[in-house]
Amino acid sequence: DLYLLFIIIFLIITFGSLIIIRYFTNKNVKPIIELKEVFDEGAKGNLNVRANVNYPNELGEAGRSFNIMMNKISSLTYYDPITGLPNREHFLRNLKQEIIICKSNNNKLGLILISPINLSKINDIYGFEWVNKILKEMANRINKNRGAMTSLAHISWDEFVILSSGTKYESEIIKIVRNLLEELEKEFEMDNQKLSINYNIGIAFYPTDGEDPEKLLNNARIARLRAKIEGYNNYKIYNIDMNQKLQEELAMEKDLQIAIKQNEFKLAYQPFIDVKTGEIVEVEALIRWHHPLKGIISPFKFIPMAEENGLIIPIGEWVLREACRQNKEWQNLGYKPIIVTVNIAVSQFEKDDFVENVKKILKETGLEGKYLGIEITEGMAMKDTETNIQRLHQLKDLGIKILIDDFGTGFSSLSYFAKFPIDSLKIDSSFIKNIENSPQSKTIISTIVSMSNSLNIENIAEGVETNEQFDFIKKVNCNKVQGYLFKKPIYADEFGKLLKEDKKFL
């Protein structure tokens, strides 16, 4: 009996110990195991995992610290730190879910991509702090004016995107987009300064324009690029033809970069004729692109692209240098010295070192400044007038002739241009073409010629193609003419022959 009692006591103690051990294990070891599992999940990238904070002492504190850390990581991963809006990662996850819902309900989904245009310039001038404040204000304006749109995100530095699920009519989207543009175009006030921002917007729809997030977003970007081509503060809805055009433009841009390296450009020359004597007194240098496979590509096709992507800077510099070199070569051959004029692009003219580059080119080619003319448009002259007037005076100090091209198409007055150190006005060809059919064009031409003569500013009629046009130009005492009636643009060898024989056209 004593032996049996001993066995019973042993079993009670053993089972009791096991119960006590299990209790303490559950109380102390289990939380540690759970925390380790949670930490492992977090380390694998599961940003939704959270620890149990109901444990006492250090284990509960560790859980709370882990949760705070995961909240911060999640915020940094899924939200933009500047605007507080969902970022690209969050947006794509959300878009994927919205597409699944729209697919099951057979609904349409609209995606609106909004891009501010000139943030980089503001960043260069005022710094990133101003840009960050502007981005926050943009986010507020978009958020307040997005109507019943599903969600808003800031997916890159210069891209906001709005989703509209369950959309039935495109007109609903367009109405909201127009309201957004109207609100966004309002000036931003920063430290008592007012800044204007331009925008372009691209719109794409599920399922017609893409059935997955990346495709839909990419097509919205293509639509935005098409909007940008047509001007600022504009929007476009994607269509399949846009993709083809974009591919063609990208191919041309690549070819244009090669053309600069391979020297595929040539200059053609079109003379200015003195109305009284018929002599060639000046010549305009006009660029031509000789593509090895596509032949001659019109400057009207590639110059806007070059201006858009910045290639106009090296192209414009090449034109300036080649025109000066060629003119000096004609002089060295003993031909009558004349002025060669070169069209200058906006971005080229606005460069701080533009005047220094012109000086350098004149020195390299040996051409005197008095045999070079610079053509800028009316609109270019009117931008930042004080700086431009100063820059034009610096060019005048080099002896360079200043011409205003396409005059009459802007909003300037001749009396205003008296402030500028300009020598000539080129009357826009659109007025010349309408001489025979439009009394208004005749009046405009007569007024420009009369006022420019009274201000001792030379006037040139460009685009003269018929005898009737020339008769009127001569009648109103225009100084010079340029156009197909006298000579189309020709290459250097042929134009050199005209100079050699001192060709007269009247």
Side-chain angles (χ1 to χ4, degrees), residues 256 259-260 262-303 306 315-344 361-362 364-368 370-375 400-401 403 405 424 426 429 432-433 458 460-467 469-470 473-474 478-506:
L256 198 53
I260 295 170
Q262 300 295 333
N263 196 23
E264 295 174 3
F265 299 112
K266 289 184 72 174
L267 290 185
Y269 298 88
Q270 188 173 30
F272 298 175
I273 311 300
D274 187 290
V275 170
K276 292 181 179 178
T277 66
E279 293 180 291
I280 298 174
V281 285
E282 294 177 40
V283 63
E284 181 178 4
L286 300 164
I287 191 169
R288 298 291 184 265
W289 179 9
H290 286 245
H291 192 284
L293 298 177
K294 300 175 183 177
I296 297 175
I297 298 177
S298 167
F300 294 108
K301 193 168 184 179
F302 71 84
I303 290 296
I315 291 173
E317 191 168 310
W318 178 86
V319 171
L320 190 58
R321 180 175 281 101
E322 176 61 16
C324 290
R325 185 204 65 76
Q326 183 61 67
N327 200 17
K328 181 61 177 176
E329 182 178 308
W330 285 327
Q331 291 178 10
N332 291 340
L333 290 170
Y335 302 156
K336 179 181 72 173
I338 61 170
I339 294 172
V340 62
T341 72
V342 176
N343 293 280
I344 303 298
I361 288 170
L362 288 173
E364 288 175 358
T365 59
L367 185 71
E368 293 181 59
K370 64 181 180 179
Y371 295 116
L372 174 64
I374 297 294
E375 295 191 26
I400 294 169
K401 184 174 184 177
L403 302 89
D405 196 13
S424 299
K426 294 185 74 177
S429 59
I432 308 301
K433 288 178 181 177
E458 181 185 68
I460 302 167
E462 58 179 346
V464 177
E465 297 181 354
T466 68
N467 287 315
Q469 291 168 357
F470 177 65
I473 291 301
K474 191 173 183 180
C478 190
N479 304 125
K480 297 174 184 176
V481 290
Q482 180 189 37
Y484 283 14
L485 179 63
F486 304 99
K487 204 69 180 175
K488 294 181 178 181
I490 53 178
Y491 292 117
D493 291 345
E494 190 177 348
F495 189 80
K497 293 176 184 177
L498 297 181
L499 291 179
K500 184 177 182 180
E501 63 186 52
D502 196 13
K503 172 76 173 177
K504 303 286 191 304
F505 285 89
L506 298 177

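This chain uses plain numbering: 1 for the first residue, then up along the sequence. Computation of the quantities below employed the complete heavy-atom set of this structure, encompassing side-chain atoms and omitting hydrogens, waters and symmetry-equivalent molecules.
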Specify the closest pair of heavy atoms between Ile460 and Ser424, including all atoms of both residues, with the distance to one decimal. CD1-CB, 4.1 Å

Assess the residue pair Leu403 and Phe272 against the criterion (side chain to side chain contact (heavy atoms under 4.5 Å, CB included)); give the C-alpha distance rounded to whole Å, side-chain angles, the decisive distance to 0.1 Å, and a yes or no. CA-CA 13 Å; Leu403 302 89; Phe272 298 175; 4.1 Å; yes

Closest heavy-atom contact between Ile280 and Ile338? O-CG2, 3.9 Å

Is it true that a side-chain atom of Asn327 and a backbone atom of Leu367 form a donor plus acceptor pair closer than 3.5 Å? no

Please list all pairs meeting salt bridge (charged side-chain N to carboxylate O under 4.0 Å, His left out) that have one or both residues in residues 291-300, counting only residues at least two apart or in different chains. Asp255-Lys294

Locate the shortest heavy-atom distance separating Ile315 from Ala306; write the atom from each residue and the value. CD1-CB, 4.0 Å

Please report, to 0.1 Å, the donor-acceptor pairs under 3.5 Å made by any side chain of residues 495-502, with sequence neighbours excluded.
| residue | atom | partner | partner atom | Å |
| --- | --- | --- | --- | --- |
| Asp502 | OD1 | Lys336 | NZ | 3.4 |
| Asp502 | OD2 | Lys504 | NZ | 3.3 |

Among residues at least two apart in sequence or on other chains, which ones pass side-chain contact (heavy atoms from CB on, under 4.5 Å) with Asn343? Glu284, Leu286, Glu375, Asp405

According to ring-ring contact (aromatic ring centres under 6.0 Å, His included), who are the partners of Tyr491, at least two apart in sequence or on a separate chain? His290

Residues in salt bridge (charged side-chain N to carboxylate O under 4.0 Å, His left out) contact with Glu458, at least two apart in sequence or another chain: Lys401, Lys480

How far does CD of Glu494 sit from NZ of Lys488, to the nearest 0.5 angstrom? 11.5 Å

Please check if the distance between the ring centroids of Trp330 and Tyr371 is under 6.0 Å. no

Has the side chain of Glu322 got a donor or acceptor atom that lies under 3.5 Å from a matching backbone atom of Trp318? no

Enter the distance from Lys328:NZ to Glu364:CD here, rounded to the nearest 0.5 Å. 14.5 Å

Find the distance between CZ (Phe505) and CG (Asp274) and round it off to the nearest 0.5 Å. 12.5 Å

Closest contact, heavy atoms only, Tyr269 versus Ala323: OH-CA, 4.2 Å

With rounding to the nearest 0.5 angstrom, report the CG to CZ distance, Leu362 to Arg321. 10.5 Å

Are Phe486 and Gln270 side-chain neighbours, meaning at least one heavy-atom pair lies under 4.5 Å? no

Those residues that, when tested against Glu264, pass side-chain contact (heavy atoms from CB on, under 4.5 Å) (two or more places apart): Ile258, Ala259, Gln262, Trp289, Pro292

Which pair of heavy atoms, one from Cys324 and one from Thr365, lies closest together, and at what distance? CB-OG1, 3.6 Å

What heavy-atom pair brings Val342 and Val319 nearest, and what distance separates the two atoms? CG1-CG1, 3.7 Å

